[in-house]
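Residue numbers start at 1 and run along the sequence shown. None of the values given here were measured: they were computed from a predicted structure.
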Amino acid sequence: MNKLCTTLAVLLIAATSVTAQSVLGKWKTIDDNTGVAKSIVEIYEQDGKVYGKVAEILNEDRVDAVCTECEGDDKDKPILGLVIIRGLEKDGDEYNDGKILDPESGTLYKCYIELEEPNKLKVRGYVGFSLLGRTQYWLRAE
C-alpha cells in the first residue's frame, strides 16, 4: 500500500511539472508601452499545431472591440475570441513556422514562441527573418 501511494505521488508530481513546462494554457499579455496587462490568450493544440485565441480582454472599455484593421475573414470580427496565434509547430524547445495577428494594426506577422521560464513565455513576431521584429513576454495566468 505504501508503494502504491508513493508511486501515485511521484506520478502526480511528474504530471504537474510537465504541465508547468508546457506553452499550452492561459497567458496574460502585457502592453509594451504601459506595462499594463491587456488580455488573456489561451494557447491550445489542434491537429498537431499550436494556436492561441483571445480568451479575455482585461480593459473593460475594450471588451466589445472589433478588428477593424484586419483583412479577410477577420475583418470586423470581435477581438474577444479571435485566433491570433496560428499554426505553430514544435521545433525543439520552441514553436515556429506560424503566424501571429496584431488585432490593433490588423497585421499578420511570422511568429515563434518559447518558454523562458515555466511561467514566462517569449513571443516574437517578425517580418522576413526574426531579427526584424518585436518580442513580448507573456506571463502564465493563474
S39 meets the side-chain contact (heavy atoms from CB on, under 4.5 Å) criterion, sequence neighbours left out, with T29, V41, V54
Carefully, step by step, assess Q136 and D32 under the rule side-chain contact (heavy atoms from CB on, under 4.5 Å).
CA-CA 7 Å; Q136 288 187 334; D32 292 337; 3.2 Å; yes
Does CD belonging to E116 count more than 12 external heavy atoms closer than 6.0 Å?
yes
Suppose clustering is done on Ile, Leu, Val, Met, Phe, Trp and Tyr with side-chain heavy atoms closer than 4.5 Å. Which residues sit in the same group as Y44?
Y51, V83
Spatial distance of atom CG (L121) from atom CD (E114) [nearest 0.5 Å]
8.5 Å
Is there side-chain contact between K28 and I40, with at least one heavy-atom pair below 4.5 Å?
yes
Mind checking the NZ-CZ spacing from K99 to R86? Nearest 0.5 Å is all I need.
10.0 Å
Would you say D93 has more than 12 foreign heavy atoms packed within less than 6.0 Å of its CG?
no
Shortest non-hydrogen contact between L80 and I57, atoms and distance
N-CD1, 3.8 Å
Residues that N96 engages under side-chain contact (heavy atoms from CB on, under 4.5 Å), provided they are two or more places apart
D91, E94, Y112
Donor-acceptor pair, distance only, cut-off 3.5 Å: does the side chain of R140 make one with the backbone of G25?
no
Look up atom NZ in K110 and atom CG in L132, then write down how far apart they are to the nearest 0.5 Å.
10.5 Å
To the nearest 0.5 Å, atom NZ of K122 lies from atom OH of Y137 at 5.0 Å
So, taking the atom named CD1 in I85 and the one named CD1 in I100, what distance separates them when rounded to the nearest 0.5 Å?
4.5 Å
Got a second to check how far I113's CD1 is from K90's NZ, nearest 0.5 Å?
10.0 Å
